[in-house]
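Please read all numbers here as calculations on a predicted model, not as lab measurements. Values below: all heavy atoms of this structure, side chains included; hydrogens, waters and symmetry mates excluded. Chain naming here is simple, since letters A, B, ... match the order of the sequence lines and numbering starts at 1 in each.
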Protein chains: 2
Amino acid sequence: MKVLSKSSEYGLRALLYMVTRSGEQEYVSIREMSEELEISFHFLTKILQNLTQANMLVSYRGPSGGVAFNTPPEDILLVDVVRILEGDDFFDKCLLGLPGCGERSPCPMHEFWKGIKAALKQEFETTSLAAMGKSIQLKSLRLVP
Amino acid sequence: MKVLSKSSEYGLRALLYMVTRSGEQEYVSIREMSEELEISFHFLTKILQNLTQANMLVSYRGPSGGVAFNTPPEDILLVDVVRILEGDDFFDKCLLGLPGCGERSPCPMHEFWKGIKAALKQEFETTSLAAMGKSIQLKSLRLVP
DNA sequence: CAGTTTTAAGAGTATTTTGTCTGCAAAGTA
DNA sequence: TACTTTGCAGACAAAATACTCTTAAAACTG
């Protein structure tokens with residue numbers, strides 16, 4: 001079952017890594033993150049660029065540069081991240097992919113799926129990066145803990 | 001949010017179409033389904049072949065041939081379909097894709113995701129094709145209802 | 001048997017996603 | 001200024017997914 005693309009997964013893991021580092025230095029190096037989390041550097045760079053262009057992060061070049069949160073992670077919700085990396089219609093899609101599916105003409109899984117989706121949405125809309133970060137052991141973000 | 005691949009989506013829609021047709025004729029033509037549901041004939045054929053090889057369906061060639069349920073749709077659960085078309089580990093994956101994620105070393109989303117996954121699994125394991133089919137309007141299986 | 005209808009099987013193509021590489025631009029250091 | 005460090009941008013490549021096509025094989029029809 002694949003809910004998030006690799007891009008979202010990598011982006012989220014990097015953001016959570018940044019949360020565990022917040023306060024240490026202004027900017028967190030993308031290279032460092034790519035090595036710690038074992039994610040391709042160039043790929044991660046491109047993902048974080050999306051977040052930077054969406055003003056979730058700010059970046060800085062040169063020595064001791066990197067990326068940093070533009071707004072405190074307390075104010076960034078999971079849904080914000082996912083909307084940027086997966087697209088705006090993340091929660092609007094039908095489970096079966098039927099374009100006409102909706103209240104008016106529900107697909108066979110509509111009712112069943114509606115409850116699950118609402119629960120997921122609720123969680124995504126109330127969970128902040130900071131809240132997730134609170135319970136993180138750094139090793140759990142790595143590939144082979 | 002993409003939970004099912006196109007293959008699973010098409011397969012499920014075809015199976016539900018068959019449920020609405022059960023009793024009418026022994027075998028349902030793949031060509032007919034592909035046209036009614038606007039799914040590529042050859043692609044659908046291959047997907048249904050998987051279900052046939054897994055003994056969920058039986059097939060018959062020649063005029064008035066097609067596919068039919070091997071066991072009554074009352075006894076086929078959603079999870080059975082998904083396990084065949086998506087693979088056995090459908091419900092075992094971590095939301096963040098972290099291979100080591102588990103009770104021993106939970107990823108940051110582990111607790112949150114556990115609840116959602118359990119609810120989904122519960123639904124998939126208790127919903128039969130026949131039950132889904134009961135509430136189906138045929139048009140809701142078509143691409144542009 | 002010859003011809004038609006239908007699924008089976010596998011090769012081939014297209015598209016999307018994921019990942020890599022190269023050069024450039026910005027910022028710091030000496 | 002020359003050099004190093006870092007992110008930015010876009011082209012390129014590999015892999016996964018989605019789809020197409022061709023040929024065969026089974027079953028029926030006359």
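Residue E26(B) contributes atom CD, which lies 15 Å from atom C1' of dC28(D) at whole-angstrom precision. Between the CD atom of E32(B) and the C1' atom of dT7(C) there is a distance of 15 Å, given to the nearest Å. In this structure, the CD atom of Q49(A) is 17 Å from the P atom of dC24(C), given to the nearest Å. One can place CG of L48(A) at 9 Å from P of dC8(D), the figure rounded to the nearest angstrom. Distance CZ (F43(A)) to C1' (dC8(D)): 16 Å, rounded to an integer number of Å. If you take CG of N50(B) and P of dG10(C), they are 12 Å apart, rounded to a whole angstrom. Spacing between atom OH of Y10(B) and atom P of dA18(D) amounts to 8 Å, rounded to whole angstrom units. For Y27(B) and dC28(D), the OH to P distance is 10 Å, given to the nearest whole Å.
For the OP1/OP2 pair of dC8(D) and a distance below 4.0 Å, the side-chain nitrogens and oxygens of S59(A) include at least one atom meeting the criterion. In this model, the phosphate group of dC28(D) is approached by a side-chain N or O of Y60(B) to a distance below 4.0 Å at OP1 or OP2. Of the side-chain N and O atoms in S64(B), none sit less than 4.0 angstrom from OP1 or OP2 of dA27(D). Close to dT17(C), at under 4.0 Å from its OP1 or OP2, lies no side-chain N or O of S5(A). Dashed line: the shortest gap from a side-chain N or O of S40(B) to OP1 or OP2 of dT20(D) is under 4.0 Å. Between Q53(A) and dC8(D) there is no side-chain N or O to OP1 or OP2 distance below 4.0 Å.
Taking 3.5 Å as the limit, the base of dG19(C) and the side chain of K46(A) contain a donor-acceptor pair of atoms between them. A donor-acceptor contact under 3.5 Å links the side chain of H42(A) to the base of dC21(C).
For the pair K93(A) and E86(A), the salt-bridge criterion is not met [side-chain N within less than 4.0 Å of a carboxylate O].
Checked by atom type and distance alone, the side chain of K117(B) never pairs as donor or acceptor with a backbone atom of L95(B) at under 3.5 Å. A donor-acceptor pair under 3.5 Å is formed between the side chain of N70(B) and the backbone N or O of N55(B).
Ring pair F43(B)/Y10(B) is perpendicular by interplanar angle, where above 60° counts as perpendicular and below 30° as parallel. Note on ring orientation: taking the six-membered ring where Trp is involved, the planes of F90(B) and F124(B) are tilted (angle from 30° to 60°).
Where P63(A) and S7(A) each meet DNA chain C at their nearest nucleotide, the meeting point lying more 5' is that of S7(A). Both V28(B) and F41(A) lie close to DNA chain C; mapped to their nearest nucleotides by heavy-atom distance, the more 5′-ward contact belongs to V28(B).
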